[in-house]
Amino acid sequence: MKSSVLIYNPAALRASARKIKRAQEFLEEKGFSSEVLLTEKSGHAEDLARECLKKDPDLIIAAGGDGTINEVMNGMVFSATPLAILPMGTTNVLAKELGIPENVTGSLERAVGGRPRRVSLGKIETGEGGHAAGRYFCLMAGLGFDGKAVHDVNTSIKKISGKTAYILSGMKSMLEYPPGEIVIRTEDREFRCYSAVVGKSSKYGGNFRITPDANLLDPFLYTCIFRGRNRTDILRYFIGIAKGTHLVYSDVEYVRSSGLEVRGRVHVQIDGDYLGMTPARIFAVKNALNLVW
């Protein structure tokens, strides 16, 4: 019998013991033993994943939202063990990106019947000179307004209403946030701006596409750079993103690169969770994860 481990975040918005029980029953029907490990605090899923690898399971399943997946992923980079996902989060952006059904049976059919593929991830190192410990991301890194909005999310509201908490925080930030200028340098160009989204996947916040060309199988980063700083600029960007027209704006730049350096001091989020402050170095890492879907 093959072995599987479910790393389960019981605090995820759509988590339930009933879903986990159904997942174990499904895996057993498919010839997998299953062990369930519950996360207890922020960062715990990464530690659990790293420990799991010592037992050499045939499959690790991240059962939670995009934040849980990010933690499990960071504990598994460069391992041969496949990672699958059982979506239970607020927006389940990675599931949408990969076309994975957001139900137990559909997602686990992909987990046991899909083809593992080596995917490229983004990696960010923060602090002066980029010396702080780096973290990997599979969706995006948001700099400036985006990072500030995630930083200010009310966790109590998030547990109850999910996506609404991000909308409320974004509105609050738009009214109150004094943006700081950042300088972004790629291999051959330099940009001055106030916000940017560095994409490793095309989807953002559900089905929006800020970096539509980004792809986990493509070993590059796609960065959308917003040069405007006023509230009216931010509102215009929101509307453009919703309509899919933001890339034609004269004060928006869209660049492909293998890496970039960010100078200045603004907030950063990765995969929907707050990370810290710039300066930062961000780069693509080829074949970093064995992901199955």
Side-chain angles (χ1 to χ4, degrees), residues 4 6-9 12-16 19-20 22-23 26-27 29-30 32 45 49 58-74 76-77 81-122 136-142 162-163 166 197-222 224 241-244 246-247 256 270-273 284-293:
S4 67
L6 287 93
I7 299 177
Y8 168 51
N9 178 9
L13 186 66
R14 301 177 186 175
S16 74
K19 289 181 179 179
I20 293 300
R22 173 62 190 126
F26 179 92
L27 290 166
E29 292 167 5
K30 297 295 183 179
F32 284 80
D58 293 292
L59 181 67
I60 293 177
I61 302 168
D66 292 310
T68 302
I69 295 167
N70 178 275
E71 289 188 12
V72 174
M73 177 186 77
N74 270 274
M76 292 181 63
V77 287
T81 302
L83 169 64
I85 66 171
L86 173 51
M88 292 186 179
T90 303
T91 52
N92 299 314
V93 179
L94 183 60
K96 290 179 173 64
E97 177 75 17
L98 301 177
I100 295 174
E102 294 181 39
N103 61 75
V104 173
T105 301
S107 60
L108 292 185
E109 285 282 6
R110 294 290 191 90
V112 301
R115 179 167 63 91
R117 282 170 271 195
R118 301 299 303 192
V119 300
S120 169
L121 299 176
Y136 294 87
F137 61 92
C138 61
L139 296 172
M140 87 301 281
K163 196 182 299 185
Y166 290 96
V197 173
V198 183
K200 197 66 205 66
S201 299
S202 67
K203 295 287 180 73
Y204 176 97
N207 286 309
F208 300 114
R209 294 180 184 270
I210 295 183
T211 54
D213 298 302
N215 187 309
L216 286 166
L217 298 175
D218 183 345
F220 290 96
L221 302 172
Y222 290 80
C224 191
I241 290 167
K243 295 171 64 177
H246 59 291
L247 297 184
R256 186 183 83 158
I270 57 169
D271 290 355
D273 281 346
V285 182
K286 297 179 182 178
N287 302 323
L289 183 71
N290 202 17
L291 188 62
V292 58
W293 74 93

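Met88 and Ala12 get closest at one heavy-atom pair: O-CB, 3.3 Å. Of all heavy-atom pairs spanning Cys138 and Ser201, the tightest one is O-OG, 2.6 Å. Across every non-hydrogen atom of Cys224 and Leu247, the tightest pair is SG-CD2, 3.8 Å. Between Leu59 and Ala111, the shortest heavy-atom distance links the atoms CD2-O, 4.0 Å. Taking each heavy atom of Ile85 and Ser107 in turn, the nearest pair found is O-CB, 3.7 Å. In terms of heavy-atom proximity, Pro101 sits nearest to Pro87 at O-CG, 3.9 Å.
With sequence neighbours left out, the side chain to side chain contact (heavy atoms under 4.5 Å, CB included) criterion links Lys30 to Phe26, Phe32, Glu109, Val112. With sequence neighbours left out, the side chain to side chain donor-acceptor pair (under 3.5 Å) criterion links Asn207 to Lys203. In this structure Tyr222 satisfies the side chain to side chain donor-acceptor pair (under 3.5 Å) test together with Asp218, sequence neighbours excluded. For Asn287, there are no side chain to side chain donor-acceptor pair (under 3.5 Å) partners two or more places apart in sequence or in a different chain. Residues satisfying the side chain to side chain donor-acceptor pair (under 3.5 Å) test with Arg209, not counting sequence neighbours, are Ser202. Residues meeting the side chain to side chain contact (heavy atoms under 4.5 Å, CB included) test with Ala45, sequence neighbours left out: Ile7, Thr39, Thr68, Glu71, Val72. Under the salt bridge (Lys or Arg N to Asp or Glu O under 4.0 Å) criterion, Arg14 pairs with Glu102, sequence neighbours left out.
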| query | Would Leu289 and Arg118 count as a side chain to side chain contact (heavy atoms under 4.5 Å, CB included) if you check the C-alpha gap in whole Å, the side-chain angles of each, and the deciding distance to 0.1 Å? | reply | CA-CA 5 Å; Leu289 183 71; Arg118 301 299 303 192; 5.6 Å; no
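When atom types are taken as modelled, the side chain of Asp273 and the backbone of Ile270 share no donor-acceptor pair closer than 3.5 angstrom. Judged by distance alone, the side chain of Lys200 and the main-chain N or O of Tyr136 form no donor-acceptor pair under 3.5 Å. In this structure, the side chain of Asp271 does not engage the main chain of Phe137 through any donor-acceptor pair within 3.5 Å. Judged by distance alone, with hydrogens and angles left aside, the side-chain atoms of Asn92 form no donor-acceptor pair with the main-chain N or O of Ala95 at under 3.5 Å. Remark: side-chain polar atoms of Arg110 are not paired, donor with acceptor, to backbone N or O of Leu86 under 3.5 angstrom. Using modelled atom types, one side-chain atom of Ser16 and one backbone atom of Lys19 make a donor-acceptor pair closer than 3.5 Å.
For Asn70 and Asn74, the side-chain atoms include at least one donor-acceptor pair closer than 3.5 Å.
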